[in-house]
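Since the structure comes first, as structure tokens, the remarks are kept for the end.
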Amino acid sequence: MTTRREQTSHESGELILRAAAELFAAKGYRQTTFADVAERSGISRGSIPWHFGSKEGLLLAVLERSVDLIRTGLPEEPAEGAEPEEVAAGFDRLMGGADALFAQPTTKLFVTLLVEALEPGSPIHGRYVEIHNTLRDHCRRWLERLPLPPGLSAETLAVTIIGAGIGIHQQWLLAPERVDPEQALVALRTLVDGAVLSAGE
């Protein structure tokens, strides 16, 4: 049975994680201080290292939580023996789910921290690899159940789809007045659907 103290500790940790994710996304990791997180979360500055050990530990916890949120938001993969129409409809839902993914504050966080993740010895490099692997693998497993054009592997198409989705989101963040992510994703889905449908004929 969870004690009141444990419950309070958990709630404090969640408030800190939420505040840190918002600040890292808005200001970047290096520009965010424990004082910033304390002010945003309403939790004392001294409680942050007690919960997460260090600023790096807080960052890793934020990314771990974000990975879990992405996994939770992905649609279930098709069941064995599912009809091609069911698989195609499910894949369409997967592509459509990108709209919801873009709306999450954690998605902006991934873009903001990308440069830091690419630096030699970055503590978050491994988390970024995990995030991309999760998205690619999930997409690939759907594509493996669909007819594809000759010479085009599910792995290659998954890399292309995830890369296009990330690129669309980055362009939207940089120039929201010029880039409509919903329309861009519709265009991407149309291109993918065209390739899959033509291969199935």
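None of these values were measured; they are calculated from a predicted model.
- In the hydrophobic cluster analysis, where Ile, Leu, Val, Met, Phe, Trp and Tyr join through side-chain heavy atoms closer than 4.5 angstrom, I131 is grouped together with L114.
- Taking E155 as the reference, R136, R140, S153, V159 meet the side-chain contact (heavy atoms from CB on, under 4.5 Å) condition, with sequence neighbours excluded.
- Under the side-chain contact (heavy atoms from CB on, under 4.5 Å) criterion, V129 pairs with H125, N133, not counting sequence neighbours.
- For the atom pair CH2 of W50 and CD1 of I16, the computed distance is 9.5 Å after rounding to the nearest 0.5 Å.
- Legend: residues meeting side-chain contact (heavy atoms from CB on, under 4.5 Å) with L173, ordered by chain and number and at least two apart, are K108, V111, H169.
- Pairs of residues two or more places apart, or lying in two chains, that qualify as salt bridge (Lys or Arg N to Asp or Glu O under 4.0 Å) and include a residue from residues 113-124 are R30-E116, R30-E119.
- Each of L191 and W142 belongs to its own hydrophobic cluster when Ile, Leu, Val, Met, Phe, Trp and Tyr are linked at side-chain heavy-atom distances under 4.5 angstrom.
- For T33, the side chain to side chain donor-acceptor pair (under 3.5 Å) partners are D36, not counting sequence neighbours.
- Nearest heavy atoms, L15 versus S41: O-CB, 3.6 Å.
- For the pair L113 and I124, the tightest heavy-atom approach, listed with the atom from each and the gap, is O-CD1, 3.8 Å.
- When all heavy atoms are compared, the tightest approach of I43 to S12 is CD1-OG, 3.9 Å.
- Enclosure of atom CD in E39 is not indicated, since only 12 or fewer non-hydrogen atoms of other residues, nucleotides or ligands lie within 6.0 angstrom.
- The CZ atom of R18 sits 11.5 Å away from the CZ atom of R40 when rounded to the nearest 0.5 Å.
- Linking ILVMFWY residues whenever their side-chain heavy atoms come closer than 4.5 Å, directly or via other members, leaves V186 and I168 in distinct clusters.
- A search for side-chain contact (heavy atoms from CB on, under 4.5 Å) contacts involving R127 returns L60, L63, E64, E130, not counting sequence neighbours.
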Take L17 and F52, measure what side chain to side chain contact (heavy atoms under 4.5 Å, CB included) needs, and give me the verdict at the end.
CA-CA 10 Å; L17 283 173; F52 301 101; 3.7 Å; yes
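- Taking each heavy atom of A38 and S44 in turn, the nearest pair found is CB-C, 4.1 Å.
- Both L152 and I161 belong to a common hydrophobic cluster when Ile, Leu, Val, Met, Phe, Trp and Tyr are linked at side-chain heavy-atom distances under 4.5 angstrom.
- By the 6.0 Å and 45° rule, K55 does not stack over the aromatic ring of F34.
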